[in-house]
Asker: 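First, the structure itself, so that you have it in front of you.
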Amino acid sequence: MTTISIEQAGKYDGQEVTIKGWLYNLRESGKLLFPIFRDGTGIMQGVCALKENPEAFAALKGLTQESSVIVGGKIRAEQRAPGGFEMGVSTIEVLQKVSEATPFPIQLKEHGVDFLLDHRHLWIRTPRSAAILRIRAEAIRAARNYMDEQGYTLTDAPIFTPAACEGTSTLFEVNYIDDQKAYLTQSGQLYGEALAMALGKIYTFGPTFRAEKSKTRRHLTEFWMLEPEAAYAELDDMMALAEGLVSAMVQSVVKNKSRELETLKRNIQKLENIKAPFPRISYDEAIAILHKHGNPAKFGDDIGGDEETIVSSEFDRPVMVHRYPAAIKAFYMQPDAQRPDLALAFDMLAPEGYGEIIGGSQRIHDYDLLVKRLRENNLPEESFQWYLDLRRYGSVPHAGFGLGLERTVAWICGTEHIREVIPFPRMLYRVYP
RNA sequence: UCCCCGGUAGCUCAAUGGUAGAGCGUUCGGCUGUUAACCGAAAUGUUGGAAGUUCGAAUCUUCCCCGGGGAGCCA
């Protein structure tokens with residue numbers, strides 16, 4: 001008998017098939033049982049009557065949630081069944097029955113955050129988690145496709161890095177070989193710059209680690225970041241790339257994962273609007289918007305979480321804020337030629353209060369200026385010799401950005417917290433399971 | 001690091017200083033079209049920990065532990 005995936009069940013109407021999966025739920029009604037099976041691709045209701053299949057009935061009756069089962073039967077269209085199809089169960093093999101003494105902890109009802117996170121290894125079996133993780137996969141696939149199509153080469157930055165680049169406070173220190181110290185990367189950017197000088201247009205995509213003690217719904221200590229870097233590119237080029245990338249990710253999910261979005265009850269219309277071009281406003285204009293809403297922000301202030309929400313609420317798609325005061329931005333950012341007190345940097349703020357999903361900039365390509373900035377920031381020049389080399393040997397204007405995968409996927413999915421969009425979240429005070 | 005909130009049955013929560021409860025889950029029984037099924041019954045507690053106030057503390061006080069949300073910082 002053909003083994004099918006529940007996702008494809010509609011194509012087998014009227015046929016005898018096998019499903020390999022787990023018992024998701026069981027409703028009993030006397031001599032009639034309504035098991036619900038899941039196989040990782042979806043859930044499907046089964047029906048089993050004592051009179052017709054006494055053996056299967058006996059095996060199924062009283063079976064516990066998440067017991068592993070291989071079931072055979074005929075698929076049929078049935079309006080009363082969730083999903084429109086159900087299986088008339090004729091055979092069932094129970095591979096492992098979950099003991100009544102230790103029932104599956106995740107019930108089909110609400111649970112608290114702490115409990116769910118402690119049982120993340122089981123929580124991921126729920127339809128909601130499965131939908132989110134499939135959307136994450138689709139977003140990654142779309143992002144890589146888009147970058148590849150734009151002529152960017154995927155390269156990988158190291159995860160162990162040598163000295164502290166922007167101060168040790170945000171870095172995880174690890175014991176390297178023979179008592180050497182190494183640090184987990186907090187950004188692949190500096191390596192991306194070197195790779196861009198070698199290959200022209202590159203992107204890195206991998207895990208990133210931040211030891212900051214941030215306890216918010218937007219933070220993880222381990223998260224994934226996609227970081228393009230391009231030689232001979234300037235700020236506007238990167239904003240164009242960023243909006244194209246984000247549109248591609250959102251539209252791909254809308255197109256290929258609509259069922260999952262429905263599972264999450266996500267407002268799909270809001271996502272359908274997310275198409276380039278995205279609005280671009282200067283930092284000065286952002287401050288003006290804040291004033292309009294009675295926020296006292298002034299030039300030189302950073303735009304915090306509340307401010308981001310105010311600014312982004314003016315738009316129905318992500319907004320790019322550019323040309324921030326240099327004083328509040330990183331040392332390597334290129335100053336604006338017209339206004340040297342501004343950095344050629346930009347952030348992309350997602351709608352609906354999801355905040356910053358991209359931060360990027362044009363980088364300083366002038367050797368003397370970069371040395372000056374290193375000194376102003378009291379950074380150890382000797383650690384940056386290789387980085388300075390990039391300005392000694394054929395330096396060119398270049399730019400890049402970093403896209404936070406989890407923040408982006410959390411926005412696409414409409415989840416309350418980004419911890420739901422990574423299989424095993426690593427957060428402050430939580431590294432189990 | 002700072003501010004706020006929380007910790008009671010396996011889970012989600014109630015109990016306004018006076019006998020610790022309900023729903024779900026589990027167990028037993030009933031039900032041939034259920035939709036987190038329903039109906040009946042049973043078992044299940046170191047109220048996060050320590051000390052204190054009180055005739056009496058889940059409840060009030062102090063300290064500690066654990067977790068959550070936010071600030072700062074950032075993706």
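Throughout, protein chains are lettered first and strands after them, A, B, ... in sequence-line order, and every chain is numbered starting at 1. Every heavy atom of this structure was used, including side-chain atoms; hydrogens, water molecules and symmetry mates were not.
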Asker: What's A:Glu406 touching, base or sugar-phosphate or nothing? Going by heavy atoms closer than 4.0 Å.
Answerer: nothing
Asker: Heavy-atom distance under 4.5 Å between the side chains of A:Ile6 and A:Ile43, does that happen here?
Answerer: no
Asker: Looking at side-chain heavy atoms only, is the closest gap between A:Leu403 and A:Met249 below 4.5 Å?
Answerer: yes
Asker: Let me know, please, whether A:His111 or A:Phe104 comes out on the 5' side of the other along RNA chain B by nearest nucleotide.
Answerer: A:His111
Asker: Hey, would you say the A:Phe384 and A:Phe331 ring centroids sit under 6.0 Å apart?
Answerer: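 Yes, close enough.
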Asker: With side chain to side chain donor-acceptor pair (under 3.5 Å) as the rule and sequence neighbours excluded, what pairs involving residues 297-312 of chain A come up?
Answerer: A:Asn295-A:Glu307
Asker: Just checking A:Glu227: base, sugar-phosphate only, or nothing, at a heavy-atom cut-off of under 4.0 Å?
Answerer: nothing
Asker: Using a cut-off of 6.0 Å, state whether more than 12 heavy atoms not belonging to A:Lys74 lie near its atom NZ.
Answerer: no
Asker: At a cut-off of 3.5 Å, list every protein nitrogen or oxygen paired with a nitrogen or oxygen from nucleotides 68-74 of chain B, distance to 0.1 Å.
Answerer:
| unit_1 | atom_1 | unit_2 | atom_2 | d |
| --- | --- | --- | --- | --- |
| B:G68 | OP1 | A:Arg430 | NE | 3.2 |
| B:G68 | N7 | A:Lys215 | NZ | 3.1 |
| B:G69 | OP1 | A:His417 | NE2 | 3.1 |
| B:G69 | OP1 | A:Arg419 | NH1 | 2.7 |
| B:G69 | OP1 | A:Arg419 | NH2 | 3.2 |
| B:G69 | O3' | A:Arg217 | NH2 | 3.3 |
| B:G70 | OP1 | A:Arg217 | NE | 2.1 |
| B:G70 | OP1 | A:Arg217 | NH2 | 2.8 |
| B:G70 | OP2 | A:Arg217 | N | 2.4 |
| B:G70 | N7 | A:Lys215 | O | 2.9 |
| B:A71 | OP2 | A:Arg218 | NH2 | 3.4 |
| B:A71 | N6 | A:Lys213 | O | 3.2 |
| B:G72 | O6 | A:Ser214 | OG | 2.9 |
| B:G72 | N1 | A:Lys213 | O | 3.3 |
| B:C73 | O2' | A:Glu212 | OE2 | 2.9 |
| B:C73 | O2 | A:Glu212 | OE1 | 3.3 |
| B:C73 | O2 | A:Ser214 | OG | 3.1 |
| B:C73 | N3 | A:His219 | NE2 | 3.3 |
| B:C74 | O3' | A:Arg210 | NH1 | 3.4 |
| B:C74 | O2' | A:Arg210 | NH1 | 2.2 |
| B:C74 | O2 | A:His219 | NE2 | 2.9 |
| B:C74 | O2 | A:Arg407 | NH2 | 2.6 |
| B:C74 | N3 | A:Arg407 | NH2 | 3.3 |

Asker: For B:G72 and B:C11, measure between their C1' atoms and round to the nearest Å.
Answerer: 36 Å
Asker: Expressed in angstrom and rounded to an integer, what is the separation of A:Ile422 atom CD1 from B:A75 atom P?
Answerer: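 Nearest whole value for this atom pair: 16 Å.
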Asker: B:C60 and B:G17: how far apart are their P atoms, nearest whole angstrom?
Answerer: 7 Å
Asker: Between B:G33, B:G25, B:C11, which one does the side chain of A:Phe115 approach most closely?
Answerer: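 The answer is B:C11.
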Asker: Is it the case that B:G33 (base atoms only) and A:Gln79 (side chain only) share a donor and an acceptor within less than 3.5 Å, ignoring hydrogens and angles?
Answerer: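 It does not, because no donor-acceptor pair links the side chain of A:Gln79 to the base of B:G33 below 3.5 Å.
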Asker: Give a yes-or-no answer on whether the side chains of A:Glu193 and A:Tyr332 include a donor-acceptor pair shorter than 3.5 Å.
Answerer: no
Asker: Centre-to-centre under 6.0 Å for A:Tyr283 and A:Phe299, is that the case here?
Answerer: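 Yes: the rings meet the under 6.0 Å criterion.
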Asker: Between B:U26 and B:U44, how far apart are the two C1' atoms, rounded to whole Å?
Answerer: 9 Å
Asker: Taking the same atom, C1', in B:A14 and in B:G7, what whole-Å distance lies between them?
Answerer: 15 Å
Asker: More than 12 foreign heavy atoms under 6.0 Å from NZ of A:Lys181: is that the case here?
Answerer: yes
Asker: Quick one: are A:Ile303 and A:Asp347 in side-chain contact, heavy atoms under 4.5 Å?
Answerer: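 Sidechains of A:Asp347 and A:Ile303: no contact.
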Asker: In this structure, how many angstroms lie between the P atom of B:G30 and the CG atom of A:Leu33, rounded?
Answerer: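 It works out to 13 Å between those atoms.
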Asker: Could you give the CD-to-P distance, from A:Glu229 to B:A75, as a whole number of Å?
Answerer: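 So the CD-P distance, A:Glu229 to B:A75, works out to 13 Å.
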Asker: With heavy atoms under 4.0 Å as the rule, sort A:Ile358 into base, sugar-phosphate or nothing.
Answerer: sugar-phosphate
Asker: Do A:Phe104 and A:Arg125 have side chains that get closer than 4.5 Å, going by heavy atoms?
Answerer: yes
Asker: Taking atom types as they are modelled, is there a donor-acceptor pair under 3.5 Å from the base of B:U34 to the side chain of A:Gln45?
Answerer: yes
Asker: Can you tell me, in whole Å, how much space there is between the C1' of B:G52 and that of B:G40?
Answerer: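 Here B:G52 and B:G40 have their C1' atoms 48 Å from each other.
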Asker: If we take the C1' atom in both B:C24 and B:A58, what is their distance in whole Å?
Answerer: 22 Å
Asker: Can you tell me how far P in B:U53 sits from the matching atom in B:A41, rounded to whole Å?
Answerer: 45 Å
Asker: Quantified in whole Å, what is the P atom distance between nucleotide B:G29 and nucleotide B:U61?
Answerer: 50 Å
Asker: Treating a pair as Watson-Crick (purine N1 to pyrimidine N3 plus N6-O4 or O6-N4) or G-U wobble (N1-O2 and O6-N3) with both distances under 3.5 Å, list the stems of 3 or more consecutive pairs that involve RNA chain B.
Answerer: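 As far as RNA chain B goes, consecutive pairing (with distances under 3.5 Å) yields the stems B:1-7 with B:65-71, B:10-13 with B:21-24, B:26-30 with B:38-42, B:48-52 with B:60-64.
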